[in-house]
Colleague: 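Take a look at the following structure, please.
The sequence lines fix the lettering, A, B, ..., with proteins before strands; numbering per chain opens at 1. Small disclaimer: the values here were computed from a predicted structure and weren't measured.
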Protein chains: 2
Amino acid sequence: MDVMDLVEHLGGAARVERFKVDKTLFHRGDPTRHMYGVLDGQADLRRITIEGAEIIVHRAQSGELFAEAALFSPRYHCDGVATAGSKIALFEKTALLELMQSDGAFAVGFCQRLARQVQRLRSSIELRAMHSAEDRIMAALSLRLGDGETRYALPGTWKSFAQDIGLTHEALYRALKRLERSKRLHRDGRMIQLGV
Amino acid sequence: MDVMDLVEHLGGAARVERFKVDKTLFHRGDPTRHMYGVLDGQADLRRITIEGAEIIVHRAQSGELFAEAALFSPRYHCDGVATAGSKIALFEKTALLELMQSDGAFAVGFCQRLARQVQRLRSSIELRAMHSAEDRIMAALSLRLGDGETRYALPGTWKSFAQDIGLTHEALYRALKRLERSKRLHRDGRMIQLGV
DNA sequence: CGTCCGCTTGACTCAGATCAAACTTGGTGG
DNA sequence: CCACCAAGTTTGATCTGAGTCAAGCGGACG
């Protein structure tokens with residue numbers, strides 16, 4: 001179930017809008033009306049600390065839902081802001097909850113989506129607990145590999161991979177070079193060959 | 001909805017067992033029968049990398065569910081191991097899915113639980129993107145504070161707080177001292193007073 | 001053709017990890 | 001009630017590796 005499936009499922013209770021950079025989607029404290037899904041672009045959930053600094057609670061990329069928690073809270077507890085020109089889907093909270101109540105299959109599908117999210121996020125956290133860049137890269141790749149596989153095609157750029165695993169691109173490139181020198185990994189463009 | 005609520009909801013399809021340290025709950029590749037909830041103790045989800053190293057995909061603490069993804073997968077893709085003497089609830093996958101299908105309110109409640117998880121995990125990741133220990137501490141505390149509050153009672157030990165935010169306890173204590181010296185925070189045991 | 005962006009490498013810095021050690025605190029059991 | 005042990009707390013010294021700033025290369029795309 002991807003974001004567009006959700007839009008179709010909800011029919012009139014969902015709509016797609018375009019937002020310009022820095023356009024605010026909702027403010028902290030507003031009553032919750034919508035859950036959102038990024039179709040294209042990027043959006044941030046932000047909060048202001050006591051000291052006035054801004055912290056990013058979540059940066060949603062294309063294909064991600066965000067503000068799911070709004071479904072279960074009467075008010076937003078963060079600000080939502082488009083951080084690029086973005087195409088974003090708005091899902092009416094009440095309609096979504098009703099659909100979940102009444103349509104068992106839909107509810108299961110939605111849970112599945114959330115469960116996968118949880119799984120990905122947890123492994124991402126444990127990954128970041130590894131201090132060595134080399135270990136982090138090897139672990140991240142191992143997680144993406146399925147079942148005895150030893151080759152992997154990077155879906156995005158190396159730079160975005162660096163972000164995914166919480167490294168600067170410089171640190172990534174250097175660690176990759178060390179891994180290649182010690183024959184733990186070989187790469188050709190975006191094809192990666194583990195071990196040898 | 002906490003773990004014990006789930007046990008009651010599921011009746012005969014849930015049971016509670018005790019596991020000794022290093023007792024394996026399930027192996028990677030086994031057909032999925034259960035989702036789990038830690039009542040007491042600790043359990044790890046682990047995978048072995050190509051190079052034979054063990055990576056921890058998730059460490060579940062008391063009160064947490066784990067292996068939710070098992071609900072939607074025919075086989076476990078990690079090993080599950082108790083890392084302490086633990087009391088763990090086992091929920092039958094099929095019963096859970098059926099209940100979710102047929103009982104709308106239950107499905108919504110389960111989604112709520114997952115949504116909160118997602119929310120917490122995301123903010124935890126963004127938190128770890130902050131490089132300075134002081135910023136990390138202040139941001140973490142700000143997130144735990146609700147709405148104009150300025151005092152906070154730490155639920156666990158400082159050491160466990162350090163783990164939560166991805167610092168060593170030494171780094172935490174030092175940063176706390178700096179924060180106190182610069183009057184950005186005051187603490188008395190486990191009571192924390194922000195700003196002043 | 002020029003610009004943007006991903007890629008790559010270099011030099012430097014510093015904050016947090018690591019190892020070590022002392023002290024408090026709380027709980028257990030005799 | 002006290003001895004004792006485990007765990008949390010606190011401080012010190014040292015080191016390392018990722019962040020940062022800087023700069024050059026090359027391919028894609030308008």
Colleague: Heavy atom of residues 170-189 of chain B under 4.0 Å from DNA chain D: which residues?
Modeller: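 Under 4.0 Å from DNA chain D: B:Glu170, B:Tyr173, B:Arg174, B:Lys177, B:Arg187.
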Colleague: Under 4.0 Å, heavy atoms only, any strand: does A:Arg136 hit a base, just the sugar-phosphate, or nothing?
Modeller: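 Nothing, no heavy atom under 4.0 Å.
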Colleague: Just how far is it from atom CG of A:Leu143 to atom OG1 of B:Thr49, taken to the nearest 0.5 Å?
Modeller: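 It comes to 9.5 Å.
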Colleague: Given atom NZ of B:Lys159 and atom P of C:dT24, what is their separation to the nearest angstrom?
Modeller: 18 Å
Colleague: On DNA chain D, compare the nucleotides closest to A:Ala133 and B:His169; which residue's is nearer the 5' end?
Modeller: B:His169
Colleague: At 4.0 Å (heavy atoms only), tell me whether A:Ser132 reaches a base, stays on the sugar-phosphate, or touches nothing.
Modeller: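 Sugar-phosphate only.
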Colleague: Using the ring centroid of each side chain, check whether B:His9 and B:Phe106 are separated by less than 6.0 Å.
Modeller: yes
Colleague: Could you tell me whether A:Arg178 atom CZ has more than 12 heavy atoms of other residues or ligands within 6.0 Å of it?
Modeller: yes
Colleague: Using atom CD of B:Gln163 as one end and atom P of C:dA17 as the other, report the distance to the nearest whole Å.
Modeller: 12 Å
Colleague: Any side-chain N or O of B:Thr168 under 4.0 Å from OP1/OP2 of C:dA17?
Modeller: yes
Colleague: Exactly one of A:Arg120, A:Arg116, A:Arg122, A:Arg113 should register a salt bridge (charged side-chain N to carboxylate O under 4.0 Å, His left out) with B:Glu68. Which one does?
Modeller: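 The option that passes is A:Arg122.
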Colleague: To the nearest 0.5 Å, how far apart are CZ in B:Arg187 and OH in B:Tyr152?
Modeller: 14.5 Å
Colleague: Output the rounded distance in Å from CZ (B:Phe161) to P (D:dT9).
Modeller: 12 Å
Colleague: Tell me the interatomic distance from B:Arg128, atom CZ, to D:dG19, atom C1', rounded to whole angstroms.
Modeller: 19 Å
Colleague: Grab the CH2-P distance between B:Trp158 and D:dT10 for me, whole Å please.
Modeller: 9 Å
Colleague: To the nearest 0.5 angstrom, please state how far the CH2 atom of B:Trp158 sits from the CG atom of B:Leu176.
Modeller: 5.0 Å
Colleague: Starting at CG of A:Leu167 and ending at P of C:dT8, how long is that distance when rounded to a whole Å?
Modeller: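 Computing the A:Leu167:CG to C:dT8:P distance gives 15 Å.
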Colleague: Which whole-number value in Å describes the distance from A:Ile137 CD1 to D:dG17 C1'?
Modeller: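 Distance check: A:Ile137 CD1 to D:dG17 C1' gives 13 Å.
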Colleague: Are any non-hydrogen side-chain atoms of A:Cys78 and A:Arg28 less than 4.5 angstrom apart?
Modeller: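 Side-chain contact under 4.5 Å: no.
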Colleague: So if I take every side-chain heavy atom of B:His131 and compare against D:dT20, C:dA17, D:dT9, which nucleotide ends up nearest?
Modeller: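 Nucleotide nearest to B:His131's side chain: D:dT20.
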Colleague: From CE of A:Met130 over to C1' of C:dG16, roughly how many Å is that when rounded to an integer?
Modeller: 19 Å
